[in-house]
Amino acid sequence: MFGNSLIYMVGCTSASVFFSAVTAYVLTKYTFPGSKHIYSFTFVLMMIPMVGNTAAAYKLYHDLHFYNTYYGLIITSCSGFGSCFVLLYGFFKNLSWTYAEAAFLDGAGHFSVFFKIMLPMAMPCVAAMAISSAIGIWNDYFTFYMYAPDRVTIALGLQGLVTQTQYGKTSYPELFAAMFASMVPIIILYAATQNLIIKNTVIGGIKG
């Protein structure tokens, strides 16, 4: 269970944050048809309850052979939208374009500007988003319960223990011990990085 949780946490967090950074950067620094409407459309997508698209997502996982696979959940984390996108959008929006213009004058290309200039400057915000996403994925059981039930994670295992406890198959001391053990890595991670998260997750803009 710990191995599955670690694989999903690292894979899904890396995919989600990276593609969110790419999407936010492109929408803030480049103009193309529909670019001004995509940001607003993101909030519309975020307002749709998860229950509303569960049936369609379940069928899509089966049709694409993503069900019960590691790569399935990782690939579906590459949407580039969500809370990470919103905060990174605010950061790149306030980041001066003069850095890119100077690099273009020196012969740098668009990929070089992003990976060598813009992304390194955004690393504090990206790191904060990665840590927040990692904590959320570590604690998520519904996604794995629906789309990868055979790849049991710690959160999914705890949910199973809760069910067993209700039927008298597991004692509450065992359940609480398992819950505490699952919280230790996240508590350590948050305690070590709380200042970074707080300084770089300000709604409406980025400070720090």
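All residue numbers refer to positions in the sequence shown, counting from 1. Please read all numbers here as calculations on a predicted model, not as lab measurements.
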Do Met118 and Leu88 sit in the same hydrophobic cluster, where Ile, Leu, Val, Met, Phe, Trp and Tyr count as joined when their side-chain heavy atoms come under 4.5 Å apart?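 Yes; tracing contacts between hydrophobic side chains, which count when under 4.5 Å, links both residues.
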Val10, Tyr147: one ILVMFWY side-chain cluster at the under-4.5 Å cut-off? yes
What side-chain donor-acceptor pairs closer than 3.5 Å can you find for residues 97-117, not counting sequence neighbours?
{"residue": "Thr98", "atom": "OG1", "partner": "Ser96", "partner atom": "OG", "Å": "2.7"}
{"residue": "His110", "atom": "ND1", "partner": "Tyr30", "partner atom": "OH", "Å": "2.8"}

Checking [X] now: which residues fulfil side chain to side chain donor-acceptor pair (under 3.5 Å) with it, not counting sequence neighbours?
X: Ser133; value: none
X: Tyr67; value: none
X: Thr28; value: none
X: Asn68; value: Asp150

Is there any ring-ring contact (aromatic ring centres under 6.0 Å, His included) pair reaching into residues 121-142, and which pairs are they, with sequence neighbours excluded?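 Pairs touching residues 121-142 that pass the test: Phe2-Trp138.
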Check each of Thr153, Ile137, Leu73 against Thr143 using the side chain to side chain contact (heavy atoms under 4.5 Å, CB included) test, and report the only one that passes. Leu73
Salt bridge (Lys or Arg N to Asp or Glu O under 4.0 Å) partners of residues 50-61, not counting sequence neighbours, each pair once: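 Qualifying pairs: Lys59-Asp63.
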Residue pairs meeting salt bridge (Lys or Arg N to Asp or Glu O under 4.0 Å), one or both in residues 5-22, sequence neighbours left out, come to none
Are any of the side-chain heavy atoms of Val126 and Phe18 separated by less than 4.5 Å?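 No - every pair of side-chain heavy atoms lies 4.5 Å or more apart.
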Partner residues of Leu27 under the side chain to side chain contact (heavy atoms under 4.5 Å, CB included) criterion, sequence neighbours left out: Thr23, Phe32, Ser35, Ile38, Phe85, Tyr89
By side chain to side chain contact (heavy atoms under 4.5 Å, CB included), which residues pair with Leu64, not counting sequence neighbours?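 Testing Leu64 for side chain to side chain contact (heavy atoms under 4.5 Å, CB included), a comparison that skips the adjacent residues, returns Leu60, Phe66.
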Atom pair OH (Tyr61) and CD1 (Ile75), whose distance is rounded to the nearest 0.5 Å: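 One finds 9.5 Å between OH of Tyr61 and CD1 of Ile75.
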Hydrophobic cluster of Ile187, others only, ordered by chain and residue number, side-chain cut-off 4.5 Å: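 Members besides Ile187, by chain and number: Met183.
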Please collect all side-chain hydrogen bond (donor to acceptor under 3.5 Å, both in side chains) contacts where either partner lies in residues 2-16, sequence neighbours excluded, each pair once.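 Qualifying pairs, neighbours excluded: Asn4-Tyr70.
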Least distance between heavy atoms, [X] atom then [Y] atom:
X: Ile74; Y: Cys78; answer: O-SG, 3.4 Å
X: Cys125; Y: Leu87; answer: SG-O, 4.4 Å
X: Lys29; Y: Lys93; answer: NZ-O, 4.2 Å

Test item: Asp140 side-chain N/O and Gly136 main-chain N/O as donor-acceptor pair under 3.5 Å: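 The answer is no, because no donor-acceptor pair under 3.5 Å joins these two groups.
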